[in-house]
**Q** 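Starting off with a structure, shown below.
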Amino acid sequence: MIYDLIIIGLGPAGITAGIYAKRQNLDCLVVGKSFGGQMMNKSVDIENYPGFEKISGFDLMEKMREQLVQKGVQIIEDEVLEVKKKDNFFKVTLSSKEFHSKSIIIATGSSYRCLGVEGENNYLGRGVSYCTTCDGPLFRNKVVAVIGGGEAGFEAARFLSSYASKVYILEKGIEVLASKSNQEIVSSLYPKIEVILEVEMKKIEGEEMVKKIVFKKGEDEIILPVDGVFIQIGYVPASSIFNGLVDLSNRNEILINKETCETSTQGIFAAGDVSDGKVKQIVVACGEGAKAAMSVYKYLNKK
Amino acid sequence: MPKVRLFSTPICPYCMTLKRFLTEKGIEFEAIDVTQDIKAQDEMIEKTKQSTVPVLDIGGEFIVGFDRELIIKKLNIKD
C-alpha cells in the first residue's frame, strides 16, 4: 500500500497535521517513537494554550492523542530510522517495518541538547537523565544537580524538590536565564534549591551509579557529591536523519516556506519545532501542522 | 507466555507508549508505579543497575526503555 501521506512525529505539530489530513480524507499514517515530545517533559503547567487556563503537558497531550485516535488515524509508535525518496514516492523505514507514501510531513520537534562532558553518556540512565518527569521520582531523598539555569532548569528543579533532599542548579553564566517570576518562586518557596553560578562542568563520575560531579568555578576545582544529574540546557532540532534529504539551516532546522511549510524537496513538508520558524510554541507547532496538512492536500490534488 | 511486569512512573512518555503497545498486542501485564511501590523501585534499580524508566520484566529478563524490536522478539509476538 502507498499512503497519501506519512507524518513523522507525535507531538503537537504531527498530531494536528494528522487530524487535518484525516478531515481531508487522505490515507495517512502518523509515526513517531512516542507521543508528546517536549510537552511530556514539562514539569510545570502550560498556561498559554487557548481553551485551558492551566493544564499539564501530560494532560494536554492525552487530549490531543485521544482526538487523533478518535478520528481513526492510523498510528504507530516506533522510531523512524530512515526516509528515502524513490522516484515519486518516499520509503519510510521504522525499527521493524517499512512504509511508502506520496508525501511526507516532518514534525519531529527537538531533542535534548547534550552537555558533552566526560561521563555523560557512560552514566546515562545510571544517574544522568534528560527527562525530569520520568526519572525524577526515582531520586527520593537523594541529592541531585540540574545543569542549566534557564526556564527549563528552574522548572525541573522545582519538580525534583518534591522528591530529592537537595537540588543544585548549576549555571555556567554569571546570572541565570530563568524568568524573574520563576526565580522569585524558587527563592521564596523552595528552600531545598541552591543555585551555583559560573560553573564550568568538567565530568560526571561514579561507580555503578553517579556519585559526584566535578566542575571549575573560577580557579577552583569543585567536587560535588550528587546521586543524579538532570541536564536541562535546551534543545536541538531533531533533524539529523533528514540531513541530505531536505535543506537545513546553519542551526540544523529544516528550511520551510512559511506560508506552505514546503521544504526544499518536492513532496516533503515540515512543521513545528524542527522547522526554521522563529517562534517555538505549542500553539505555533499546531498551526504549522495544520498548514502543512492543507498544503499536502493541495500538492496531491495538483499531481 | 512468561509473566510480564511493567515498572513505570506516572508522567513518562515512553512508559505510556510501552503500556499502549502491550495493551494493543493483548499482552497481560502487571503495571507497577514505582513512585508508590518503593520495594519494586529498589528491585528494578537492583536488577537493571539503572535509575530510569520504563523497565519491562519478561519472565525475569529486564529490558530498559521502549525497545520495540527487542520486546517483540522477547515476547515472541508479531508486529
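Below, chains carry the letters A, B, ... as their sequence lines are ordered, and counting in each starts from 1.
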**Q** Are E77(A) and R68(B) ion-paired here, with the side-chain N under 4.0 Å from a carboxylate O?
**A**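 R68(B) and E77(A): not salt-bridged.
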
**Q** Where do G9(A) and V30(A) come nearest, in terms of heavy atoms and distance?
**A**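 Here G9(A) and V30(A) meet closest at O-CG1, 3.6 Å.
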
**Q** Angle between ring planes, Y130(A) versus Y112(A), binned at 30° and 60°: parallel, tilted or perpendicular?
**A**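 Ring orientation, 0 to 90° scale: parallel.
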
**Q** By a 4.5 Å heavy-atom criterion (distance strictly below it), what part of L124(A) contacts chain B: side chain, backbone, both, or neither?
**A**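 The backbone, not the side chain.
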
**Q** For chain A, which of C12(B), C15(B), P13(B), P10(B) has the most heavy-atom pairs under 4.5 Å?
**A**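 If we count pairs closer than 4.5 Å to chain A, P13(B) comes out on top.
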
**Q** Are E62(A) and R65(A) close enough for a salt bridge, meaning some N to O gap below 4.0 Å?
**A**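 Salt bridge between E62(A) and R65(A), a charged N being under 4.0 Å from a carboxylate O: yes.
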
**Q** Counting only non-hydrogen atoms closer than 4.5 Å, does I38(B) touch chain A with its backbone (N, CA, C, O), its side chain (CB onward), both, or neither?
**A**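 Just its side chain gets close to chain A.
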
**Q** Side chain, backbone, both or neither: which part of V53(B) has an atom under 4.5 Å from a heavy atom of chain A?
**A**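 It is both, since atoms from each part get that close.
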
**Q** What closest approach, in Å, do A152(A) and Q232(A) show between heavy atoms, and which atom pair accounts for it?
**A**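 Nearest heavy atoms, A152(A) then Q232(A): CB-OE1, 3.6 Å.
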
**Q** Side chain, backbone, both or neither: which part of Y14(B) has a heavy atom under 4.5 Å from chain A?
**A**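 Contact with chain A: backbone and side chain both.
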
**Q** Tell me, side chain or backbone of S95(A) under 4.5 Å from chain B's heavy atoms, or both, or neither?
**A**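 When you check distances to chain B, atoms from both the backbone and side chain of S95(A) fall under 4.5 Å.
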
**Q** By a 4.5 Å heavy-atom criterion (distance strictly below it), what part of K33(A) contacts chain B: side chain, backbone, both, or neither?
**A**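 Both backbone and side chain of K33(A) come within 4.5 Å of chain B.
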
**Q** Select one option (side chain, backbone, both, neither) describing which atoms of E79(A) are under 4.5 Å from chain B's heavy atoms.
**A**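 No part of E79(A) comes within 4.5 Å of chain B.
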
